[in-house]
Amino acid sequence: YDIMNDLMSFGVHRLWKRIAVSRMLLRPGHRVLDLAAGTGDLTRLELARVGPTGQVVMSDINGPMLEVGRDRLIDAGAISGVEVVQANAEVLPFADNTFDAVSIAFGLRNVTDKSRALAAIGRVLKPGGRLVVLEFSQVVLPLMKRAYDAYSFNVIPKVGELVTGDGDSYKYLVESIRKHPDQATLKAMMESAGLVDCRYENLSAGVVAMHIGHGA
């Protein structure tokens with residue numbers, strides 16, 4: 001999984017994630033929810049910012065993936081201050097107004113009912129708390145879009161087959177990116193779900209977009 005992320009993005013996903021965490025405006029003592037946490041890249045970055053008085057809840061619907069992320073944090077000596085919770089983003093098992101910030105990186109695309117998940121996130125955010133969504137989006141430069149489409153459909157599945165033996169999963173990945181709401185549509189969905197002061201920022205010409213919203 002991590003090797004493919006590096007190969008597909010030429011390592012740039014690490015920079016995208018650092019930018020996303022910087023936009024969360026975390027402070028020592030904050031309580032953070034990292035949804036679709038996967039192998040824990042954002043969890044580690046967030047934990048460094050909230051410090052020993054803060055907490056990061058590392059959550060994913062995929063149990064085996066969550067175990068890998070937890071083990072990586074343990075191996076890195078970074079598990080203190082982390083709570084691991086397997087959960088569906090559409091039905092979050094947390095009380096209202098619990099978190100100062102919520103992140104979901106490259107996970108909203110795979111949520112079946114995105115509007116329901118966004119509403120659930122808004123419920124658990126404190127008023128003024130910040131949501132940062134990092135997700136593949138729509139390239140805004142026409143020439144780059146053609147090259148990106150050719151790379152996505154012709155190269156990524158073949159690399160996935162060579163590295164993981166599962167080219168079909170990476171074909172699905174490319175197709176799911178194309179079906180994901182574009183930047184303006186996702187912003188409107190966040191607003192409809194009750195989040196306020198919503199905006200987005202394109203990274204790498206829209207290969208990835210970062211959406212920011214706040215709890216009401």
Side-chain angles (χ1 to χ4, degrees), residues 1-5 13-14 16-17 20-21 24 26 29-126 129-136 160 164 166 168-170 172-173 176-177 179-180 186 189-190 193-195 211 213 215:
Y1 176 81
D2 290 328
I3 291 171
M4 278 302 298
N5 282 343
H13 75 99
R14 299 180 185 277
W16 293 333
K17 290 171 181 175
V21 172
M24 294 175 74
L26 299 178
H30 271 177
R31 190 174 190 203
V32 182
L33 173 61
D34 182 20
L35 284 171
T39 54
D41 286 350
L42 263 70
T43 298
R44 289 184 65 179
L45 295 172
E46 292 162 353
L47 190 62
R49 289 177 177 257
V50 302
T53 59
Q55 182 188 44
V56 179
V57 177
M58 178 182 180
S59 182
D60 201 295
I61 196 172
N62 186 317
M65 181 73 79
L66 200 57
E67 291 178 6
V68 171
R70 179 201 60 199
D71 291 347
R72 284 186 63 188
L73 290 174
I74 291 172
D75 291 344
I79 196 67
S80 179
V82 176
E83 180 181 356
V84 180
V85 177
Q86 185 175 356
N88 183 339
E90 299 174 26
V91 191
L92 295 174
F94 308 107
D96 296 0
N97 307 326
T98 297
F99 297 101
D100 298 287
V102 176
S103 62
I104 178 166
F106 306 111
L108 185 62
R109 184 184 72 257
N110 296 318
V111 174
T112 302
D113 191 334
K114 296 173 180 57
S115 294
R116 190 179 182 195
L118 291 169
I121 291 169
R123 178 184 63 78
V124 302
L125 268 176
K126 295 178 181 179
R130 178 169 285 213
L131 164 66
V132 173
V133 179
L134 186 66
E135 189 55 86
F136 292 111
T164 71
D166 184 11
D168 287 343
S169 290
Y170 289 91
Y172 162 78
L173 167 67
S176 70
I177 292 170
K179 293 177 181 177
H180 184 68
L186 182 54
M189 290 174 66
M190 292 169 64
L195 294 156
H211 284 72

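- R123 contributes a side-chain N or O that, together with a main-chain N or O of F94, makes up a donor-acceptor pair within less than 3.5 Å.
- The line from CD1 of I79 to CZ of R72 is 12.0 Å long, rounded to the nearest 0.5 Å.
- Expressed to the nearest 0.5 Å, how far OG1 of T43 lies from CG of L47 amounts to 8.5 Å.
- Note on ring orientation: taking the six-membered ring where Trp is involved, the planes of F106 and F136 are tilted (angle from 30° to 60°).
- Considering CD1 of I121 and NZ of K114, their distance stands at 12.0 Å, rounded to 0.5 Å.
- The closest side-chain donor-acceptor pair between S103 and E46 falls under 3.5 angstrom.
- A 4.5 Å side-chain heavy-atom check between V102 and L35 finds at least one atom pair inside the cut-off.
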Practice task
Check the pair N97 / V124 against side chain to side chain contact (heavy atoms under 4.5 Å, CB included), numbers first and verdict last.
Solution key: CA-CA 5 Å; N97 307 326; V124 302; over 6 Å; no
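- Interatomic distance, CG of L66 versus CD1 of I61, reported as 11.0 Å (0.5 Å rounding).
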| request: Just do the side chain to side chain contact (heavy atoms under 4.5 Å, CB included) check on D41 and H13 with the steps written out, would you? | output: CA-CA 10 Å; D41 286 350; H13 75 99; 4.0 Å; yes
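- Here the CG atom belonging to D96 is positioned 11.0 Å from the CG atom belonging to L125, to the nearest 0.5 angstrom.
- With contacts defined as side-chain heavy-atom distances shorter than 4.5 Å, the pair R44/V56 does not qualify.
- G29 and T53 get closest at one heavy-atom pair: N-OG1, 3.1 Å.
- For the pair L108/H211, no side-chain contact is recorded, criterion being any heavy-atom separation below 4.5 Å from C-beta on.
- T98 is not listed as a side-chain neighbour of L92, based on a closest heavy-atom distance of 4.5 Å or more.
- F99 is not listed as a side-chain neighbour of V32, based on a closest heavy-atom distance of 4.5 Å or more.
- Counting heavy atoms from C-beta on, the side chains of L118 and L186 come closer than 4.5 Å.
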*Hey, mind stepping through V85 and M58 against side chain to side chain contact (heavy atoms under 4.5 Å, CB included) and telling me if it holds?*
CA-CA 6 Å; V85 177; M58 178 182 180; over 6 Å; no
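- You'll find the side chain of D60 stays beyond 4.5 Å of the side chain of Q86, heavy atoms only.
- Between T39 and M65 there is a side-chain heavy-atom pair separated by less than 4.5 Å.
- When all heavy atoms of A87 and P93 are compared, the pair lying nearest together is CB-CD, 3.6 Å.
- Rounding to the nearest 0.5 Å gives a distance of 14.0 Å between CG of L26 and CZ of R31.
- Environment of CZ in R70: crowded, with over 12 heavy atoms of neighbouring residues, nucleotides or ligands closer than 6.0 Å.
- Between the E90 side chain and the D113 main chain, a donor and an acceptor come within less than 3.5 Å of each other.
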What verdict does the side chain to side chain contact (heavy atoms under 4.5 Å, CB included) test give for S59 and D34, after you've listed the backbone C-alpha separation in whole Å, the side-chain angles of each residue and the deciding distance to 0.1 Å?
CA-CA 6 Å; S59 182; D34 182 20; over 6 Å; no
